[in-house]
Amino acid sequence: MTAPFRICFVCTGNICRSPMAEAVFRARLAEAGLDGLVEVDSAGTGGWHEGDGADPRTVAVLRAGGYEHAHTARQFHASWFDRLDLVIALDSGHLRKLRRLAPTAGDAAKVRLLRAYGTGTATGATADSGSDPVSAPASDLDLSDLGLSGDLDVPDPYYGGFEGFEECLEMVETASEGLLTAVRAALPGHTAVTACAPEHDNRRAAREPHQPQQKESA
């Protein structure tokens with residue numbers, strides 16, 4: 001049996017952005033008929049919230065979007081690189097930390113920014129890269145070379161209002177389309193996969209309006 005393709009989404013504490021990305025991308029995989037071929041999870045660069053559930057505002061925005069969700073926060077460890085095919089950072093700070101944490105250059109090349117998949121560069125790599133559609137070459141490790149800086153960050157909504165979580169969800173949904181395309185292309189026998197994701201605008205349009213919820217203290 002072919003081993004599944006494994007992806008881990010990473011943010012700071014694994015209670016806001018990365019569990020949101022995990023839930024959204026898992027739904028996209030199911031819609032595309034790829035959920036049996038790809039495993040998805042998430043983690044944080046720090047362990048402050050290990051064992052906690054997702055932020056209530058993340059839970060609310062996912063529920064409003066029609067996404068299933070069950071989550072326990074955990075911290076990312078360098079030993080995980082060996083079993084992962086792709087590590088998706090939610091912002092440029094996470095990208096730098098994860099690449100410094102990587103044991104090898106090959107492991108560092110597995111780390112990509114989520115929103116790099118939603119910019120028209122479907123690979124999430126440099127525009128002139130002829131590399132694998134998911135991972136970049138080992139030399140492609142400097143954000144300044146990529147021209148990304150902080151422009152492709154999914155901003156941390158933790159200290160803001162509920163609207164920030166809704167904006168994060170929109171960013172995650174947009175980037176997930178490009179990521180799905182790249183992952184599908186990286187799977188063995190991907191040409192046999194014909195399932196397409198449905199119109200996701202309908203999902204967004206169906207959301208009920210929410211009042212901003214009181215933020216938890218840091």
Side-chain angles (χ1 to χ4, degrees), residues 1-11 14 17-44 54 62 65-74 76-90 94-95 98 102-104 106-125 129-138 140 154 169 171-204:
M1 177 181 291
T2 303
F5 190 93
R6 295 185 173 93
I7 303 171
C8 186
F9 293 93
V10 182
C11 67
N14 194 213
R17 292 168 286 178
S18 58
M20 188 184 295
E22 176 188 352
V24 170
F25 197 64
R26 183 174 285 115
R28 295 293 179 268
L29 290 169
E31 292 164 351
L34 300 176
D35 48 329
L37 300 175
V38 182
E39 291 183 359
V40 182
D41 57 20
S42 65
L62 287 173
Y67 296 103
E68 296 182 1
H69 174 76
H71 180 70
T72 301
R74 58 188 189 148
F76 189 92
H77 295 281
S79 60
W80 296 5
F81 275 104
D82 187 55
R83 65 177 178 82
L84 292 169
D85 296 288
L86 189 59
V87 179
I88 298 294
L90 272 291
H94 306 136
L95 184 90
L98 290 164
T104 69
D107 288 327
K110 297 177 182 179
V111 186
R112 309 304 301 161
L113 269 175
L114 175 60
R115 290 191 66 206
Y117 290 92
T119 63
T121 303
T123 64
S129 173
S131 63
D132 179 274
V134 175
S135 295
D140 181 17
V154 176
L169 180 61
M171 292 179 182
V172 167
E173 287 178 324
T174 298
S176 291
E177 301 296 343
L179 178 58
L180 179 64
T181 298
V183 169
R184 179 189 281 120
L187 295 173
H190 66 86
T191 53
V193 178
T194 58
C196 296
E199 291 293 333
H200 304 303
D201 287 342
N202 294 336
R203 185 200 299 270
R204 287 193 282 267

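The first residue of the sequence shown is numbered 1, and numbering continues consecutively from there. Since the model is a prediction, treat every value here as computed from it, not as a measurement.
- Between Arg115 atom CZ and Ile88 atom CD1 the span is 13.5 Å, to the nearest 0.5 Å.
- Partners of Phe9 by ring-ring contact (aromatic ring centres under 6.0 Å, His included), not counting sequence neighbours, listed by chain and number: Phe25.
- Taking CE from Met171 and OG from Ser176, the interatomic distance works out to 13.0 Å, rounded to the nearest 0.5 Å.
- Side-chain atoms of Met20 and Leu62, non-hydrogen and from C-beta on, do get closer than 4.5 Å to each other.
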Stepwise, does the side chain to side chain contact (heavy atoms under 4.5 Å, CB included) test hold for Phe81 with Val111?
CA-CA 10 Å; Phe81 275 104; Val111 186; 3.7 Å; yes
Report the C-alpha distance between Leu34 and Val183 in whole Å, list the side-chain angles of each, state the deciding distance to 0.1 Å, and finish with yes or no for side chain to side chain contact (heavy atoms under 4.5 Å, CB included).
CA-CA 10 Å; Leu34 300 176; Val183 169; 5.5 Å; no
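- Counting only heavy atoms from C-beta outward, the side chains of Glu173 and Tyr67 approach each other to under 4.5 Å.
- Residue Tyr117 comes nearest to Ala175 through the heavy atom pair CB-O, 3.7 Å, listed as atom of the first residue, atom of the second, then distance.
- Proximity of Leu84 to Ile7: side-chain heavy atoms (C-beta onward) are nowhere separated by under 4.5 Å.
- Interatomic distance, CG of Leu114 versus CG of Leu95, reported as 11.5 Å (0.5 Å rounding).
- At a threshold of 4.5 Å between non-hydrogen side-chain atoms, the residues Val87 and Arg112 do not count as touching.
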Pair Leu86, Leu179 - check side chain to side chain contact (heavy atoms under 4.5 Å, CB included), show working.
CA-CA 11 Å; Leu86 189 59; Leu179 178 58; 3.8 Å; yes
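- Every residue meeting the side-chain hydrogen bond (donor to acceptor under 3.5 Å, both in side chains) condition with Ser42, not counting sequence neighbours, appears here in chain and number order: Asn14, Glu22.
- Ion pair Arg6/Asp41 not flagged as a salt bridge, since none of the NZ, NE, NH1 or NH2 atoms sits closer than 4.0 Å to an Asp/Glu carboxylate oxygen.
- You'll find the side chain of Leu98 reaches within 4.5 Å of the side chain of Val10, heavy atoms only.
- The side-chain hydrogen bond (donor to acceptor under 3.5 Å, both in side chains) check on Thr104 picks up Asp107, with sequence neighbours excluded.
- With values rounded to the nearest 0.5 angstrom, Ser18 atom OG is found 9.5 Å from Arg74 atom CZ.
- Inter-residue side-chain proximity for His94 and Arg17 is flagged as met; some heavy-atom pair is nearer than 4.5 Å.
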